[in-house]
Amino acid sequence: IGENIQLLVDRPDGTYCFRLHRDRVEKLLKLAASVPRDSLVAPGTCFGKFTKSQKFRLSVTALDFLAPYAKYKVWVKPGSEQSFLYGNHVLKSGLGRITENTAQYQGVVVYSMADVPLGFGVAAKSTQECRKVDPLAIVVFHQADVGEYVRNEDTLT
């Protein structure tokens with residue numbers, strides 16, 4: 001989200017902070033203080049985890065917070081939405097629109113054509129390259145999607 005990170009933290013609707021909790025970055029809720037510690041699974045919304053090699057991996061639970069501030073977006077056609085939600089990459093044939101000047105390997109938010117955020121990905125091709133590639137070429141690598149709520153509901157905490 002680039003410089004838009006400031007808009008995520010300094011918001012008029014409340015005070016927000018980010019905490020590192022067991023290698024997870026979470027947006028804390030005020031109400032979590034009233035819950036006994038042994039009963040609390042997570043004190044807020046998990047934004048992502050650090051891998052063992054200390055790289056940060058965004059979680060799909062952060063999608064609702066990050067999507068409005070995304071600089072680079074990709075819209076998929078209705079026929080490709082289900083494929084993306086099953087964990088597959090986005091092909092050129094399923095690409096509806098892409099933000100101008102998206103660079104290769106840039107992080108993107110994947111939307112349906114109805115502007116519903118579906119998940120995160122990485123642009124496999126730049127905007128210019130997307131215009132010239134084969135319809136079966138991968139244009140967005142899948143990272144996370146809202147279908148993970150169903151597929152991995154036990155491990156999303």
Side-chain angles (χ1 to χ4, degrees), residues 1-11 13 16 18-27 29 41-42 44-157:
I1 62 177
E3 306 86 45
N4 292 343
I5 191 77
Q6 190 70 26
L7 299 172
L8 183 65
V9 178
D10 296 333
R11 297 173 53 154
D13 60 339
Y16 295 95
F18 295 90
R19 299 262 195 245
L20 186 62
H21 175 73
R22 294 187 197 151
D23 288 338
R24 298 172 185 191
V25 178
E26 305 192 8
K27 179 182 169 227
L29 299 175
V41 174
T45 304
C46 183
F47 268 48
K49 299 177 183 180
F50 285 97
T51 64
K52 291 183 180 182
S53 61
Q54 295 303 309
K55 293 183 180 173
F56 187 72
R57 180 147 173 105
L58 273 175
S59 175
V60 69
T61 53
L63 182 63
D64 292 333
F65 297 98
L66 299 178
Y69 306 114
K71 290 172 68 174
Y72 301 104
K73 303 175 184 180
V74 170
W75 288 264
V76 294
K77 293 178 181 175
S80 295
E81 285 179 28
Q82 188 172 9
S83 176
F84 181 76
L85 294 176
Y86 279 130
N88 297 318
H89 303 306
V90 178
L91 303 178
K92 166 71 160 86
S93 60
L95 182 68
R97 294 185 304 179
I98 186 168
T99 306
E100 268 310 306
N101 300 324
T102 301
Q104 187 176 19
Y105 305 123
Q106 179 67 52
V108 295
V109 174
V110 179
Y111 283 87
S112 69
M113 292 303 280
D115 283 335
V116 176
L118 300 176
F120 300 113
V122 175
K125 308 277 184 204
S126 68
T127 304
Q128 307 304 328
E129 292 171 337
C130 284
R131 294 184 177 124
K132 305 176 213 167
V133 296
D134 178 44
L136 297 178
I138 296 172
V139 293
V140 176
F141 296 122
H142 177 274
Q143 270 193 326
D145 64 84
V146 294
E148 287 182 35
Y149 283 123
V150 176
R151 292 193 311 268
N152 303 327
E153 60 186 314
D154 296 336
T155 60
L156 275 180
T157 59

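Minimum interatomic distance between Asp64 and Pro68 (heavy atoms only, all atoms of both residues): O-CD, 3.5 Å. The minimum heavy-atom distance linking Ala124 with Ile138 is given by the pair CB-O, 3.5 Å. Between Ala70 and Val109, the closest heavy-atom pair is CB-CG2, 3.5 Å. In terms of heavy atoms, Ser112 sits closest to Glu81 at CB-OE2, 3.2 Å. Nearest heavy-atom pair, Val139 versus Cys130, reported as atom, atom and distance to 0.1 Å: CG1-SG, 3.8 Å.
Residues satisfying the side chain to side chain donor-acceptor pair (under 3.5 Å) test with His142, not counting sequence neighbours, are Asp145. Annotation: side chain to side chain donor-acceptor pair (under 3.5 Å) contacts of Gln104 (sequence neighbours excluded): none.
In this structure a side-chain-to-backbone donor-acceptor pair under 3.5 Å is present from Tyr111 to Ala67. Between the side chain of Ser80 and the backbone N or O of Leu95 there is no donor-acceptor pair closer than 3.5 Å. Without hydrogens or angle criteria, Thr127 side chain to Thr102 main chain gives a donor-acceptor distance under 3.5 Å. Judged purely by atom type and a 3.5 angstrom limit, Arg97 has no side-chain atom pairing as donor or acceptor with the backbone of Met113.
Within the model, atoms OH of Tyr72 and CG of Asn101 stand 7.0 Å from one another, a figure rounded to the nearest 0.5 Å. Atoms NZ and OG, on Lys77 and Ser93 in that order, are 7.0 Å from each other to the nearest 0.5 Å. If you take CD on Gln82 and CG on Asn88, they are separated by 10.0 Å, rounding to the nearest 0.5 Å.
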- Message: With side-chain contact (heavy atoms from CB on, under 4.5 Å) as the criterion, how do Val108 and Thr99 come out once you've worked through the C-alpha distance, each side chain's angles and the decisive distance to 0.1 Å?
- Response: CA-CA 9 Å; Val108 295; Thr99 306; over 6 Å; no
- Task: For Gln143 and Val122, run side-chain contact (heavy atoms from CB on, under 4.5 Å): C-alpha distance rounded to whole Å, both residues' side-chain angles, the deciding distance at 0.1 Å, then the answer.
- Result: CA-CA 7 Å; Gln143 270 193 326; Val122 175; 3.7 Å; yes
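Residue pairs that meet the salt bridge (charged side-chain N to carboxylate O under 4.0 Å, His left out) test with at least one member in residues 119-131, sequence neighbours left out, are Glu100-Arg131.
Aromatic ring pairs are classed by plane angle as parallel below 30°, tilted from 30° to 60° and perpendicular above 60°; the pair Tyr105 and Phe141 is parallel.
Looking at Phe84 and Val146, their side chains never come closer than 4.5 Å, going by heavy atoms from C-beta outward.
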